[in-house]
Amino acid sequence: MVDNNLTQTIRQLAADKHAVIMAHYYQRPEVQEVADFIGDSLALAQQAAKTDAEIIVLCGVHFMAETAKILCPDKKVLIPDLNAGCSLADSCKAADLKAWKDAHPDYMVISYVNTSAEVKALTDIVVTSSNALKIVQSIPKEQPILFGPDHNLGHYISQMTGREMAIWDGACHVHSRFSVEALIALKREHPDAPVLAHPECKQAILTLADVIGSTQALLNYVKSHPDTSKFIIATETGVLHEMQKACPEALFLPVPPEVTEGETLAPDKHIGCLCNECEFMRMVTLDKLYNCLLNESPEVNVAPEVAAKAILPIQRMLALS
Ligand code: 13P
Ligand code: SF4
């Protein structure tokens, strides 16, 4: 249940401290509701780049707060839970990327925004799921590309652009896990429902999708189809909150994850569960957000020498978006 008093207290505290609260679409509904701004990872970066607030509270995962800090080195950037990481970002360590890059000296490095600041510092252009296609298309055909860390997104972009890229073998543990069998069963049961999938999903899921796009693109599709009564959704279920608000009468059918022998789905669908929620995103709660604003901690900082390099590929992305 949402604590209205706490929500109001957080809003007042944010106003008193000239703080802006930004939340990703995968956040808990009550956190999305208290935020000044909600968006996908591109929109959060764009918003951070132009805010005049003194404090940015990033309700999302660590790389999102780092990106905000890199773009706004003079502002205080807070995250309600420092442990909110990302399995995809963790799948590419800076030292490993450096070795890959050294082995391919003529290649341009394109990195998904779901990476650490150190990885961004080794990158030529950052992309998000909203702009990866457009940015790869803008690069001269003869320029070889190292793309990382999401294998599924890289493969999808490679297919769409018809260009070969060397692709890192990383994945998001939530998006790579949707069950193909369950999706086929959902399609059979609801043949009129379009399938909306995030490009971090594996190829077998994307092949069955009607619409492939970033969190924002999938939400935009729902908003522009108010007469559609059912949608099958293959992405993190946090976005269903905004989708349901946009189309209150529609039925949203989330694709469940594959469950291997011996595993059981947690009934409460929260921390540590085997479900289509990102437990890192769900680490942020209203209580932690309140404490974070009150104490102005935990703060996210990026070493100045890393930030000085990492800002360049992010700015290139923003200029091309
Ligand atoms: P978006 O770029 O769609 O916001 O996705 C970010 C993310 O973490 C997906 O899992
Ligand atoms: Fe990272 Fe996947 Fe969570 Fe997105 S959903 S933040 S890619 S672990």
Side-chain angles (χ1 to χ4, degrees), residues 22-28 31-32 35 37-48 58-68 79-92 110-116 119 126-135 148-154 156-157 168 170-178 196-202 205-206 209 211-222 233-243 254-255 257 269-284 314 317-318 321:
M22 298 187 192
H24 190 270
Y25 287 124
Y26 296 167
Q27 289 290 293
R28 293 169 187 262
V31 174
Q32 295 189 41
F37 179 82
I38 44 174
D40 67 356
S41 47
L42 173 63
L44 293 175
Q46 287 169 326
Q47 200 66 21
L58 207 308
C59 298
V61 292
H62 195 261
F63 75 81
M64 295 175 177
E66 268 190 345
T67 304
I79 188 166
D81 191 325
L82 257 186
N83 294 317
C86 168
S87 57
L88 178 54
D90 286 349
S91 70
C92 183
I110 301 190
S111 295
Y112 196 31
V113 69
N114 297 43
T115 44
S116 67
V119 164
V126 166
V127 296
T128 74
S129 52
S130 279
N131 55 28
L133 191 58
K134 184 176 164 193
I135 290 180
D150 191 66
H151 180 83
N152 294 326
L153 176 69
Y156 168 69
I157 299 294
W168 191 265
C172 157
H173 72 299
V174 178
H175 285 88
S176 59
R177 210 171 161 176
F178 291 120
L196 278 53
H198 195 282
E200 286 175 25
C201 296
K202 62 194 166 212
I205 295 284
L206 297 183
V211 184
I212 299 171
S214 69
T215 317
Q216 185 65 57
L218 301 185
L219 179 57
N220 291 349
Y221 181 87
V222 168
I233 307 293
T235 190
E236 213 273 359
T237 48
V239 72
L240 297 187
H241 181 62
E242 275 299 299
M243 288 180 171
V255 181
K269 292 183 133 222
H270 277 298
I271 305 295
C273 73
L274 295 168
C275 65
N276 41 12
E277 290 180 358
C278 171
E279 62 269 44
F280 301 116
M281 285 281 185
R282 308 299 163 129
M283 282 178 179
V284 177
I314 301 173
M317 169 187 80
L318 293 176
S321 296

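These numbers were taken from a predicted model, which means no experiment stands behind them. One-based numbering, in listed order, for ligands and for the atoms of each.
- Formation of a donor-acceptor pair under 3.5 Å by the Asp150 side chain with backbone atoms of Leu88 is not found in this model.
- Of all atoms in ligand 1, listed by their number and element, those nearer than 4.0 Å to a heavy atom of Thr215 are 1 (P), 3 (O), 4 (O), 5 (O).
- For atom 5 (O) of ligand 1, the nearest protein heavy atom (residue, atom name, distance) is His198 NE2, 3.4 Å.
- Counting heavy atoms from C-beta outward, Asp40 and Ser130 have side chains that approach closer than 4.5 Å.
- Between Met64 and Thr67 there is no side-chain heavy-atom pair separated by less than 4.5 Å.
- The line from CD1 of Ile314 to OG of Ser321 is 11.5 Å long, rounded to the nearest 0.5 Å.
- Counting heavy atoms from C-beta on, the side chains of Cys86 and His62 never come closer than 4.5 Å.
- Inter-residue side-chain proximity for Glu277 and Val174 is flagged as unmet; no heavy-atom pair is nearer than 4.5 Å.
- Heavy-atom distances between Cys172 and ligand 1 stay at or above 4.0 Å for every pair.
- Put simply, the side chain of Phe280 does not reach to within 4.5 Å of the side chain of Asp81, judged on heavy atoms.
- Taking every heavy atom of Glu200 and a limit of under 4.0 angstrom, the matching atoms of ligand 1 come to 7 (C), 9 (C), 10 (O).
- Proximity of a side-chain donor or acceptor of Gln32 to a complementary backbone N or O of Gln27 within less than 3.5 Å is detected.
- Within the 4.0 Å heavy-atom criterion, the part of Tyr26 lying near ligand 1 is the side chain and not the backbone.
- Under the 4.0 angstrom criterion for non-hydrogen atoms, His24 is not in contact with ligand 2.
- Shown here are the protein N/O/S atoms lying under 2.8 Å from atom 3 (Fe) of ligand 2, water excluded: Cys278 SG.
- Proximity of Ser214 to Leu42: side-chain heavy atoms (C-beta onward) are nowhere separated by under 4.5 Å.
- Nearest non-hydrogen protein atom to atom 2 (O) of ligand 1 is Ser41 OG, 2.6 Å.
- Interface of Asn114 with ligand 1, defined as ligand atoms under 4.0 Å from a residue heavy atom, comprises 7 (C), 8 (O).
- Thr235 has its side chain out of reach of Leu196: every pair of non-hydrogen atoms, C-beta onward, lies at least 4.5 Å apart.
- Among protein heavy atoms, the minimum distance from atom 4 (O) of ligand 1 is reached at His24 NE2, 2.7 Å.
- Below 30°, between 30° and 60°, or above 60°: for Tyr26 and His175 the angle between ring planes is between 30° and 60°, a tilted geometry.
- The ligand atoms of ligand 1 that sit less than 4.0 angstrom from a heavy atom of Ser214 are 3 (O).
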